[in-house]
Amino acid sequence: MWTTEQIIALAPDSSSEKNGRNLANAEKWKTLGKNDISLWGECQGSGKNPYQTVIDLREPAFKCSCPSRKFPCKHALGLFLLFAVRQELFKSEAPPAFCADWLEKRDIQKGKKAAQTEAELTVEEIEKREKSKARRSKEREKKVEEGLVELKLWLKDLLRQGLANAKNQSASYWEKTAKRMIDAQAAGAARMVREMASAITKTDAWAEEFLEKAGKIFLLIEAYKNLDHLPANVRADVRTAIGWNLKEDELEKAEEISDKWLVIGVRNYEEDKLRVQRTWLIGENSKRFAMLLDFAFQNQALKTNFLVGTKFEAELKFYPSNFPLRATVKTRGLGLEQFNEVAGIKDFDELLDIYSGAISQNPWLEVFPAFLEGVIPLIIENKCFFRDKKANLLLLEKNLDRQWKLIAFSGGFAINIFGEWNGKSLLPLRAFNEAGMIVL
Amino acid sequence: MNLGENLKAAAIIGTSQKEPDISNVGGELGGVLAKLDRTDKEEFLLSAAAVFSIWKTAGRKLPTDPNAVPVVSEKDTNEILSGKLKQVFETLLQSVNRNLLLPEFLRLMAKHGKIIPFELLPEVLSVVNLPMKASRIDLRHLLLPLIGNRGKWLAKQRSEWHWALVEEEGTALWETGKLKERIFALEFFRLKDPAQAREIILKDWKGETAKEKEVFLEVLQINLGKADEEFLHEVYRSEKNIEVQRTAFELLAKLRSTTLIDEIKELICPIFSIKRKLLVKKELEINFPPDWNEKTSALNKVARNIFRNTTEFGEKGMALAVGLSLIEPEFWEEFFGLQADEILSLSIKSEWSFALLAGFGMASLRFDNESWFVEVLKSDSSVSRYSRPLNIWGERSVSLISENTLLPLIIANFNHQFCQWTLEYIPFETAESSEYLLLSNISPTRFISQGRRMIWRNLALLLPIQLFDKWINQLEKMKSQKFFNNNQIETFEDVIDILSYRKEYILEFEK
């Protein structure tokens, strides 16, 4: 059921992948076992006692007695990889204590969490919580407002003097403004400033790109100024673009959808020493796209692990937005299944139409899910494109490894793709055809 | 100028000098822009940029491909590597032991009629750009039959991968490629048609540099045969560059019954005579003729190159040793009418003992003659500890001993006595290898002074599968011994890794 590609996609970095692969070798494991919901094994490391590794297959979730801070660690990856291809090595038996204890603890914790959310707070407690929230929110709003006023002045000054002058500025000039935005608790605005700084260093079409980004920031500043007059969902989008992050327990009135959710792509990247994971889902019945966002500092564990190509039953809560994509898992059923592929969009015009609709709802939308069917990857003048049946060309983000892997996989034949479209180029995350799937 | 250009011009120069111009913009976009507040020039420019950017993104038109649908790859009928073997293959591609293990893995793939998974082809086709010295083989020859039609289709699309089209475009690769590509093309021709490859070398021989000549000659090792003798002999006789000359000599030395060997026998045989003293004592006498140096000038040149920095040999002795190394040891049994041990016991008493032992030693290795080799080792021990002939030529021949000849011989026989001899007498790396081989029989303390990881790794590669478990268990035990340092423990772990991989894929292929 599990494939190497799916498991490798869980590796926190390339060295974990490499080390995990090395441990996917029966010789390295002193014991190997499984039952319906879990796997376990003991791997001899450099210490006296072997490391005890457990995988809860229902999510999946991992536990290992090794001191590694990476998550999943190389032992968990190695054990899972070995299971993917050599299930016969794992004896079906009752789990040993180290496995049973951990599984039991997890189940108890889940029960407690559910009970906690269900527990009703007293009126006083609610009032107190709301008051404190409102005070914090007000303080932040003031900080953001002051920060954005400064940002606007800075932008105007920049344009008054001209970009030719700005192009000669050192990196610290841009970074100073970005940091000011961080201090103002407007991390989204800080990111946009950094994007402007990176645009201005380019040699090709730098001024267009810079202006585009400057215009987008200005739109945000103006929208924030008029926040009270905007509809609730637009307000939420403005706040999100500025860097407001709603906590899950603040999603009281959020839209909820129960469905079987297909994990169609995962993207991992780093931003400001933070590991970011975007997991893309599509509802089997609702056909709704959902994006789960998870963050972790450096090697700390991400909260969730999803295997591309699997589906699970869950109730998702969508964050308020004029074009809602981001969601969080409210409740989740146990167990995972592999899914049968679903149909995607057959031509790029349709994708662009839907995308236009999306940015008319939320102009700060950063990425958009693109599920394409029957496209051919090809290289034209050193750039990689997808070609649809109408011979339209969609540019791919520059990444040689991904490009050539896709072309090799396709062999010139049409394939299906899931990726992230940013309005200019597509970053493919997964490709599949009748022969199988690759995770990119 | 269109709107984009107008906005850009104002932004670059600065609004203090140029106001953004939107006068020519009509339609819905013009309508929206007209509604913008123009009181503040900078704010107007930023608002117009925001509107224009969203308008552009929302209405983006894609380019179309003016070309016909691209040519597709031909279907592959061979089974694609999958499951555990695919996982192991991917791991090997990233492993530090990749160069060591891939050749065996690729050979097993070919034997079982499997081809490389399509999505791994880019990585595999690029693998040749990485250092491959350790494997001592150009992996590309092993990869060629495994890339399938998909691999060839892919290779056409990227110049770095054109080597994979050698079958169709080998001549162009030889004529216009860089040195690395020319060598590869030549190797390919040589594998396919040895005579054709020789003709190709000959065609441009005079125009090639000494370095090119040397490396092209080395290619002739592939399918080396009697038909190459004339060319090699000519190069050996007439080439001015010593490295080229030596390469030709080494190749000639690998051939049996050559003109060169006849010439050398003709030179050497007359200088030997056995004198009987009293009743039973015999003595090997060597009398060099006055014109010896003249007759052995080419041999001398090669010998000096082989024994450079050696002071124990004079010019005559060096030429004698190198000459002897070309002659199969059994010849001397017939020539002298004596057994190997008798010949060697006479040799060590000779004033030319260094040259004789070195020559006989090299010949026994070259001709894989185990009994002569053991006798040479025994005789060598009778010579002063610090000036053994084997020590002298051992360093120069170490790769020959450790990797090509001796280790397979040891492992094939797994003869404890033979290993003991080797352990005791062979200097440098080979002793370590043998010691390792004997790890279950000797005290682990002997390992403390050893640490040549490459030799251990090579041994792990040559070991037959029946011995894997024994070695792994022993090495695991040794890992926990306190008297090994971290470096040595890493070596043990490395060897365990190699054996674990080998065990895994060999058994999986056999399934």
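By convention in this document, chain letters (A, B, ...) are assigned in the order of the sequence lines, proteins followed by strands, and residues within each chain are numbered from 1. Excluded from the calculations below are hydrogen atoms, water molecules and symmetry mates; all remaining heavy atoms, backbone and side chain alike, are included.
- Using a 4.5 Å cut-off on side-chain heavy atoms (C-beta onward), B:I54 and A:L219 make contact.
- Proximity to chain A involves both the backbone and the side chain of B:S47, based on heavy atoms less than 4.5 angstrom apart.
- Residues A:K156 and B:D40 form a side-chain contact, since some pair of their non-hydrogen atoms from C-beta on lies under 4.5 Å apart.
- What you find for A:A408 and B:R150 is that their closest heavy atoms are O-NH1, 2.7 Å.
- Taking CD1 of B:I12 as the start and CZ of A:F210 as the end, the distance is 11.0 Å to the nearest 0.5 Å.
- Of the possible polar contacts, none joining the B:R60 side chain to the A:L352 backbone as a donor-acceptor pair under 3.5 Å is found.
- With chain A as the partner, the residue from B:Q157, B:E90, B:K41 showing the most heavy-atom pairs under 4.5 Å is B:E90.
- The shortest side-chain heavy-atom distance between A:F218 and B:E43 falls under the 4.5 Å cut-off.
- Distance alone, capped at 3.5 Å, places no donor-acceptor pair between the A:R387 side chain and the B:T64 backbone.
- With a 4.5 Å cut-off on non-hydrogen atoms, B:E119 touches chain A through its backbone and its side chain both.
- Considering only heavy atoms from C-beta on, A:K424 stays 4.5 Å or farther from B:T57 through its side chain.
- Around the NZ atom of B:K35, the shell of radius 6.0 Å holds no more than 12 heavy atoms that belong to other residues, nucleotides or ligands.
- With a 4.5 Å cut-off on non-hydrogen atoms, B:A68 touches chain A through its backbone but not through its side chain.
- A donor-acceptor pair under 3.5 Å is formed between the side chain of B:S16 and the backbone N or O of A:R160.
- The structure places CD of A:E208 at 11.5 Å from OG of B:S53, a figure rounded to the nearest 0.5 Å.
- Looking at B:Q87, its side chain does come within 3.5 Å of a backbone N or O of A:L81 through a donor-acceptor pair.
- In this structure, B:K86 pairs ionically with A:E5, as a charged nitrogen and a carboxylate oxygen lie closer than 4.0 Å.
- With a 4.5 angstrom heavy-atom cutoff, B:I80 does not touch chain A via any of its atoms.
- Atom NZ of B:K156 has 12 or fewer neighbouring heavy atoms from other residues, nucleotides or ligands inside a 6.0 Å radius.
- Only the side chain of A:I359 comes within contact range of chain B, with heavy atoms under 4.5 Å apart.
- Annotation: side chain of B:R158 is in contact with side chain of A:W404 (closest heavy-atom distance under 4.5 Å).
- Shortest non-hydrogen contact noted between A:N25 and B:Y501 is ND2-N, 3.8 Å.
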